[in-house]
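To start, the structure under review is shown below, and the notes come after it.
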Amino acid sequence: MTAVNAPVSSTAAGALSAFLRGVERRALVVAELQCGDPTVAEQALVAVMRAFAGIASDVPMAQWPDRFWILLAHRTPIRMPAPGGQWAPGLAHLPSLAPPARLALLLRVGGGLDEAAAAQILDLPVADYQQALAQACPRDAQGHPDAAGWRALAEQVQQRLRDLPASRLQQLHQPAPAPAPGKGPASWRAPAPADAAPRRTPVRRHNRRPLWRGLLILLVTTAVLLGGAAWWKHRSPALAPEASVPDGAVSTADPVRVEPLAAEDLPVTAPADPAHAASDAAMLADPDLMLARDADLYAWAAAGGPVPVDESQPQPSRPEPATAGLETAAADE
């Protein structure tokens with residue numbers, strides 16, 4: 001099943017193109033020296049570029065190098081030597097290595113990856129990756145690691161990187177011709193452009209029926225609601241007051257009626273006593289009425305009670321009682 005690349009912005013497409021341009025030279029040399037066949041290496045690399053373009057938008061840019069090299073390192077066509085694979089005389093040490101050890105060496109000297117990154121790409125502990133490098137190291141006549149041979153091998157790989165023709169890199173981005181009818185799928189070349197417009201799915205005619213049905217239901221519901229509102233508006237004034245007003249409530253259509261009480265329902269008031277009225281008038285006219293009302297206060301003051309202090313007036317400071325000194329002297333004795 002072919003995955004359809006999601007459209008990305010022009011900025012993301014430019015970043016993706018720049019990343020692939022920057023890594024494709026090293027990736028092509030690593031793939032070619034791993035399998036020994038330039039054609040197989042190009043096919044594997046273009047397939048990896050196409051797969052990476054499909055997932056790049058979902059991966060943070062900081063993880064792009066690891067994800068790209070993981071896709072390439074686990075590509076089946078380059079895991080094993082291609083039939084009829086060939087290596088240059090200066091790289092004759094590579095075909096003598098086991099494929100895992102050869103890939104570990106090429107990721108280090110061709111891919112330019114450090115040991116931790118290469119170990120993560122190969123899904124190996126760092127110690128195991130270092131052991132694979134030790135196995136891939138050239139040996140001298142006594143079977144010991146040959147540092148000079150390692151440097152010469154690394155220089156040959158770097159020279160291969162520098163001498164890689166630009167035309168081969170251009171071919172990686174060339175669109176492939178459309179296949180003839182009945183000749184199989186399109187070529188593996190040129191990943192689909194990320195900014196290509198996505199294909200529009202044709203809308204089937206029967207998909208429109210639910211839309212019309214929903215509009216019809218909405219119109220009918222609106223008509224029913226409007227009709228009910230109009231009916232209630234015209235019906236409300238016709239309601240009888242006794243039908244529209246609850247028991248005990250007052251209706252504006254029937255205001256409160258006021259009626260005089262019957263004579264037998266009026267309260268009975270006793271006639272005023274003229275003697276009592278005269279006595280009350282004399283008491284109220286007495287000038288000593290205010291003193292009489294405060295007689296209890298004056299009696300309490302005459303009995304020796306403390307006079308209340310007027311808080312609104314400043315009070316003089318009281319001297320210390322003389323007995324305080326006598327009490328202190330007595331305590332000292």
Side-chain angles (χ1 to χ4, degrees), residues 1-20 46-68 70-71 173 175-176 178-179 181-182 184-188 190-272:
M1 185 175 70
T2 303
V4 178
N5 297 336
V8 295
S9 64
S10 58
T11 303
L16 175 62
S17 178
F19 171 78
L20 294 177
V46 172
V48 168
M49 293 169 68
R50 179 183 302 174
F52 182 78
I55 65 172
S57 59
D58 299 327
V59 178
M61 289 187 181
Q63 300 179 11
W64 280 7
D66 290 345
R67 295 297 295 270
F68 178 85
I70 287 174
L71 291 175
H173 303 275
S187 173
W188 44 265
D195 55 351
R199 296 180 180 177
R200 296 184 179 180
T201 303
V203 180
R204 299 180 180 179
R205 297 184 62 86
H206 69 271
N207 290 340
R208 300 180 181 178
R209 294 180 182 177
L211 177 61
W212 289 106
R213 186 179 303 171
L215 291 176
L216 180 61
I217 294 174
L218 178 61
L219 292 176
V220 172
T221 304
T222 304
V224 171
L225 292 177
L226 293 177
W231 172 80
W232 182 259
K233 179 179 179 181
H234 293 289
R235 180 178 179 273
S236 297
L239 294 176
E242 60 272 19
S244 60
V245 179
D247 294 339
V250 178
S251 173
T252 57
D254 189 12
V256 178
R257 293 187 296 271
V258 180
E259 297 179 359
L261 293 176
E264 58 273 11
D265 295 335
L266 294 176
V268 179
T269 304

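All values derive from a computational prediction rather than experimental measurement. FYI, the numbering just counts along the sequence from 1.
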request  = Measure the shortest side-chain to side-chain distance between Phe68 and Leu20 over non-hydrogen atoms and say whether it is less than 4.5 angstrom.
outcome  = yes
note = Here the pair of heavy atoms bringing Leu16 nearest to Phe52 is CD1-CE2, 3.6 Å
query = Taking only residues two or more places apart in sequence, or in another chain, which ones meet Ile217 in a side-chain contact (heavy atoms from CB on, under 4.5 Å)?
reply = Arg213, Thr221
